[in-house]
Amino acid sequence: NNKNGTTTTTTTTFLISILSMVGSLVLMTDTLYVLANGIMYGSVMFVVSVVLSIRANSQCPPKLVVISLVVLLASHLLYDYDTHSITFGDPPEQTTLEEGLYYHHHHHHHNSDNENNNNNSNNSNNSYIPSIVQHWPESDRTYHKEVATSWMPSGDTRTGLPFVFNRPGDVEFHRVFLATEDDEYVGLDIAFPPSSGYNSSKPIYMILHGLNGGTKEKYVKDFAHRSTAEGYTVVVMIARGLMDLPIRGWNLFHGARTSDAHAAAVALRQAFGRDQLIIGVGYSMGAIVLSNYVASYGIECPLDAAMAISGGLDLRYQMDYTRGKRLWSPFLTIIAREKFFLGKWGHRVKERLSESNFRNMIRAKDNIELDSAAAAAYSGFDDVHHYYQSASALGDIPHNKDDDSILDDSGHFLTPKKIDNVSIPLVVLHSLDDPIITWRATCANQGLMHPSNLVQTGKGNLMILLTKSGGHVGWPIGFWFSHHGGKWMSNAVMSFGTAVQEAKQLQQPQQ
């Protein structure tokens, strides 16, 4: 009987050994854990767990073989075969960027004649942006350790747990249908403040939702619930074909179309008049569209300001985001394929796609493969690269950050780019531990896409807000995070709106 007890103990010891080694191996090699904890944390734990495992199982050669296999696996994961060096996590994903708000600072010189002649230095005139920053409390745009949910270890949990467990309050929406330029319809789901009704002295928020989304998305409901309670009117633009919207012809939703957002913004401007403050807010896919819209339409964009949350300015960097492809992308791909490309619009998709593209769509393992076979092919793009270029606010700059030949001596583009046309304050909020859209889709450690350089483009209207953690449309706060829901995100947006309103009252922005 004693012998049995000893066997159970040694088996348990062995299992604990393996689990501790594999656990610390993940902490040592996974990109997001390395970002959160640094290199030493996982490395020390791994070495300690290997040493203890060898000591605990030294009497049993087969178990030592298994332990050595784990060590072999570790060396395979740590060794970068391209550069022949030891790396922790995906090398391209490692960042030296500081978190915080990047914006264009005002230079105090009033040599305006000279500036009007020289377009490039026009942004040194822009004191509107620093004024907004001044009125935007730092505590409302900082995701600091005191408020963040401390027990969540990585961007995955900060994304997944809020998605599953947040329970936002109910909101009553009223739908209006809006015709688009190609004779289709988008929905405008309007939520009014329950107590007071529409109040013209407060900003209106125009929301662009995420992929497969609508007013049922938790972060949309959370924002609508909180902001209507504070007297704001919220209008959610429901993308064509989603949430039971019909599509008459062949033009399904795709991420590079900005004309629908423009139709919605123009309709709101016409309905509420010139003096109403209208602020665009985009989440995830909606943030990608919003940034691209504001850049593409320039001074024609009738919004007063915009905030893009967990989107991206250059989706081409998604194509080599291996971590996203491994974990989240397969799950999102299944949803998009079942609901959209096979479900509701399956008959159109099957009719228009070639047989090989249809087969590739069925087999697609991640978003890139799905976009390549279905979205890009269906909507007439050359390929997925062309589709991502068209869908990105930075899509028209060369996709090679070492290439400075597109800049003149003063660091401006030789030929004007889309991003130069941003004519309203645009905040791009991204977390460095976003597991779905890499931070590299928004900025880079160096070169033109370094946030300090991006905010100098055009008239200096672009602002970039980076947080070290927060996940994808997550930013959970408090120990019982579900009690607070999307409070951090919603507050960041509302206080930005208030800051824009206060700064605008002080001075009319330059166009």
Side-chain angles (χ1 to χ4, degrees), residues 173-191 206-217 220 234-271 280 282-290 292-293 296-297 300-303 332-355 357-362 364 367 370-384 386-388 390-391:
F173 284 102
H174 307 268
R175 174 163 298 177
V176 178
F177 293 94
L178 176 69
T180 63
E181 60 178 14
D182 57 349
D183 238 10
E184 296 294 348
Y185 284 89
V186 294
L188 298 180
D189 282 11
I190 306 169
M206 178 180 108
I207 311 287
L208 302 186
H209 58 70
L211 200 61
N212 311 321
T215 41
K216 295 193 170 60
E217 274 183 331
V220 172
V234 174
V235 181
V236 184
M237 187 194 98
I238 308 299
R240 53 173 70 198
L242 292 175
M243 277 193 83
D244 297 332
L245 282 178
I247 287 187
R248 300 159 147 190
W250 288 87
N251 298 340
L252 302 181
F253 171 84
H254 67 72
R257 183 185 288 111
T258 50
S259 53
D260 287 0
H262 186 58
V266 167
L268 293 182
R269 179 55 73 210
Q270 286 168 347
Y283 295 93
S284 194
M285 186 75 226
I288 293 164
V289 173
L290 181 65
N292 193 26
Y293 163 51
S296 301
Y297 277 76
E300 286 174 46
C301 170
L303 300 173
L332 297 168
T333 300
I334 291 167
I335 297 174
R337 179 170 48 218
E338 299 305 317
K339 268 182 127 175
F340 199 82
F341 290 113
L342 286 178
K344 200 166 168 183
W345 311 114
H347 53 293
R348 285 182 178 79
V349 173
K350 192 162 176 42
E351 200 165 321
R352 191 182 260 197
L353 288 186
S354 69
E355 213 169 292
N357 271 335
F358 193 81
R359 201 167 49 239
N360 289 341
M361 177 193 80
I362 302 291
N367 284 85
L370 185 72
D371 283 340
S372 180
Y378 182 93
S379 295
F381 293 95
D382 300 342
D383 52 22
V384 72
H386 178 218
Y387 173 44
Y388 285 173
S390 311

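Quantities reported herein were computed from a predicted structural model and do not represent experimental measurements.
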Handout entry: Point-to-point distance, once rounded to the nearest 0.5 Å, from CG of D260 to OG1 of T258
Key = 8.5 Å
Exercise for the section: Please check if the side chain of R337 supplies one atom and the backbone of A364 the other of a donor-acceptor pair under 3.5 Å. Expected result: yes
Practice task
May I ask you to test the L211-F340 pair for a side-chain heavy-atom distance under 4.5 Å?
Solution key: no
Handout entry: Considering all heavy atoms, the nearest V266-P302 contact
Key = N-CG, 3.8 Å
Fill in the blank from the handout: What one should report as the nearest heavy-atom pair of R175 and I238 is NH2-CG1, 3.8 Å
Exercise for the section: Check the pair L353 / F341 against side-chain contact (heavy atoms from CB on, under 4.5 Å), numbers first and verdict last. Expected result: CA-CA 11 Å; L353 288 186; F341 290 113; over 6 Å; no
Exercise for the section: Answer yes or no: is there a donor N or O on one side and an acceptor on the other, between the side chain of R352 and the main chain of H347, under 3.5 Å? Expected result: no
Exercise for the section: May I ask you to check whether N357 and Y378 show a side-chain donor-acceptor distance below 3.5 Å? Expected result: no
Handout entry: D189 side chain reached by M237 side chain, heavy atoms, under 4.5 Å
Key = no
Problem - Any donor-acceptor pair under 3.5 Å from E184 side chain to G249 backbone - result: yes
Exercise for the section: Flag the pair K350 / L342 as yes when at least one side-chain heavy-atom distance between them is below 4.5 Å, and no otherwise. Expected result: no
Exercise for the section: Check step by step if side-chain contact (heavy atoms from CB on, under 4.5 Å) holds for T180 and R257. Expected result: CA-CA 11 Å; T180 63; R257 183 185 288 111; over 6 Å; no
Handout entry: Short N-O contact, R248 and D182, less than 4.0 angstrom
Key = no
Practice task
Measure the NE2-OG distance between H386 and S372 for me, rounded to the nearest 0.5 Å.
Solution key: 13.5 Å
Handout entry: V234 and I207, any side-chain heavy atoms less than 4.5 Å apart
Key = yes
Handout entry: Test item: L208 and Y283 side chains (from C-beta on) under 4.5 Å apart, heavy atoms
Key = no
Exercise for the section: For the pair I247 and W345, evaluate side-chain contact (heavy atoms from CB on, under 4.5 Å) and give the outcome as yes or no after the intermediate values. Expected result: CA-CA 9 Å; I247 287 187; W345 311 114; 3.8 Å; yes
Handout entry: Backbone N/O of K339 and side chain of K344: donor-acceptor pair under 3.5 Å
Key = no
Exercise for the section: Ignoring hydrogens and angles, tell me if any N or O in the side chain of N292 forms a donor-acceptor pair with the backbone of S390 under 3.5 Å. Expected result: yes
Problem - Inter-residue atom distance Y185.OH - L245.CG, 0.5 Å rounding - result: 11.5 Å
Problem - Main-chain N/O of S259 paired with E181 side-chain donor or acceptor, under 3.5 Å - result: no
Handout entry: Pairwise distance CG(L290) to OG(S284) - rounded to 0.5 angstrom
Key = 12.5 Å
Practice task
Over all heavy atoms of both residues, which pair between R348 and W250 is shortest? Give the atoms and the distance, please.
Solution key: O-CZ3, 3.5 Å
Handout entry: Residue pair A336 / L370: nearest heavy atoms and the distance that separates them
Key = CB-CD2, 3.8 Å
Exercise for the section: For residues V236 and L188, determine if any side-chain heavy atom of one lies less than 4.5 Å from a side-chain heavy atom of the other. Expected result: no
Practice task
Over all heavy atoms of both residues, which pair between L303 and A265 is shortest? Give the atoms and the distance, please.
Solution key: CD2-CB, 3.9 Å
Exercise for the section: Indicate whether any N or O donor in one side chain lies under 3.5 Å from an N or O acceptor in the other, for H254 and Y387. Expected result: no
Problem - Shortest non-hydrogen contact from A267 toward L178 - result: CB-CD1, 3.8 Å
Handout entry: Residue pair H262, Y293: steps toward the ring pair (Phe, Tyr, Trp, His ring centres under 6.0 Å) verdict
Key = CA-CA 7 Å; H262 186 58; Y293 163 51; 5.6 Å; yes
Practice task
For H209 and L242, run side-chain contact (heavy atoms from CB on, under 4.5 Å): C-alpha distance rounded to whole Å, both residues' side-chain angles, the deciding distance at 0.1 Å, then the answer.
Solution key: CA-CA 10 Å; H209 58 70; L242 292 175; 3.5 Å; yes
Problem - Distance under 6.0 Å and angle within 45° of ring axis: R240 vs F253 - result: no
